[in-house]
Amino acid sequence: FYEILLKQWLLTGKTESRYQRMFAAAAAAIKRHLVHFSRPSGQVYIAEMQEDGTPFHKMDHLVCFAGGMFMLAAQEWPESRPKWEGLA
């Protein structure tokens with residue numbers, strides 16, 4: 001769902017700011033709760049969240065598209081580039 005918010009904002013010619021705000025909130029929550037670093041290599045991965053709200057340290061196969069989504073956000077939303085580019 002969250003990746004559609006970014007695409008919807010872009011498809012509306014960046015005129016529907018609600019999609020931008022919703023994407024920013026969803027992406028910030030992903031960054032805050034689901035982004036982890038493997039040990040000892042320090043590779044970034046996005047974990048799944050269990051029903052009780054704790055992370056399950058397994059990366060779902062569809063998460064492979066998240067890097068592209070974050071890079072697209074960084075490219076199309078320059079003032080937020082530092083926020084998203086590091087996750088790409």
Side-chain angles (χ1 to χ4, degrees):
F1 170 74
Y2 51 86
E3 75 279 0
I4 299 301
L5 296 170
L6 176 63
K7 292 173 188 175
Q8 190 63 37
W9 175 60
L10 296 173
L11 285 171
T12 64
K14 302 180 185 178
T15 60
E16 295 289 334
S17 60
R18 64 183 168 175
Y19 297 120
Q20 181 187 28
R21 288 191 307 270
M22 291 169 68
F23 168 76
I30 290 168
K31 186 176 180 180
R32 187 172 46 254
H33 298 290
L34 299 177
V35 171
H36 296 276
F37 298 88
S38 64
R39 291 187 209 134
S41 65
Q43 297 291 318
V44 177
Y45 68 96
I46 300 175
E48 294 181 16
M49 185 174 284
Q50 299 183 92
E51 288 184 25
D52 65 0
T54 59
F56 180 56
H57 296 281
K58 171 190 162 287
M59 194 166 120
D60 185 78
H61 69 285
L62 292 177
V63 176
C64 68
F65 297 107
M69 175 192 68
F70 286 122
M71 195 64 217
L72 181 62
Q75 184 177 18
E76 294 293 329
W77 192 1
E79 60 272 19
S80 294
R81 176 169 278 164
K83 208 185 307 187
W84 311 128
E85 199 170 43
L87 293 174

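Both backbone and side-chain heavy atoms feed into the values below; hydrogens, waters and symmetry mates do not.
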Closest approach of Tyr2 to Ala26 (non-hydrogen atoms, all atoms of both residues): CB-CB, 3.8 Å

Residues in salt bridge (charged side-chain N to carboxylate O under 4.0 Å, His left out) contact with Arg21, at least two apart in sequence or another chain: none

Qualifying salt bridge (Lys or Arg N to Asp or Glu O under 4.0 Å) pairs with a residue from residues 32-42, counting only residues at least two apart or across chains: none

Minimum heavy-atom distance between Leu6 and Ala73, given as atom pair plus value: CD2-N, 3.8 Å

Contact summary for Gln75 and Arg81, nearest pair of heavy atoms: CA-NH2, 3.5 Å

4.5 Å side-chain heavy-atom contact, Glu3 and Phe65: no

Nearest heavy-atom neighbours spanning Trp84 and Phe70: CB-O, 3.4 Å

Shared hydrophobic cluster, Val44 / Val63 (ILVMFWY, side-chain heavy atoms < 4.5 Å): yes

Phe23 and Met69, any side-chain heavy atoms less than 4.5 Å apart: yes

Pairwise side-chain contact, Tyr19 with Lys7, heavy-atom cut-off 4.5 Å (strictly under): no

Glu51 CD: over 12 foreign heavy atoms closer than 6.0 Å: no

Minimal non-hydrogen separation, Cys64 against Met59, with atom names: N-CE, 4.4 Å

NZ-NZ distance between Lys31 and Lys83, expressed to the nearest 0.5 angstrom: 8.0 Å

Spacing of CD1 belonging to Ile46 relative to CG belonging to Leu62, to within rounding of 0.5 Å: 12.0 Å

Sidechain-backbone polar pair: Lys14 side chain, Glu76 backbone, donor-acceptor under 3.5 Å: yes

Cluster check Leu34, Met71: I/L/V/M/F/W/Y, side chain < 4.5 angstrom: no

For the student: nearest non-hydrogen atoms of Tyr45 and Phe37, plus distance: CE2-C, 3.9 Å

Spacing of CE belonging to Met49 relative to NE2 belonging to His33, to within rounding of 0.5 Å: 6.0 Å

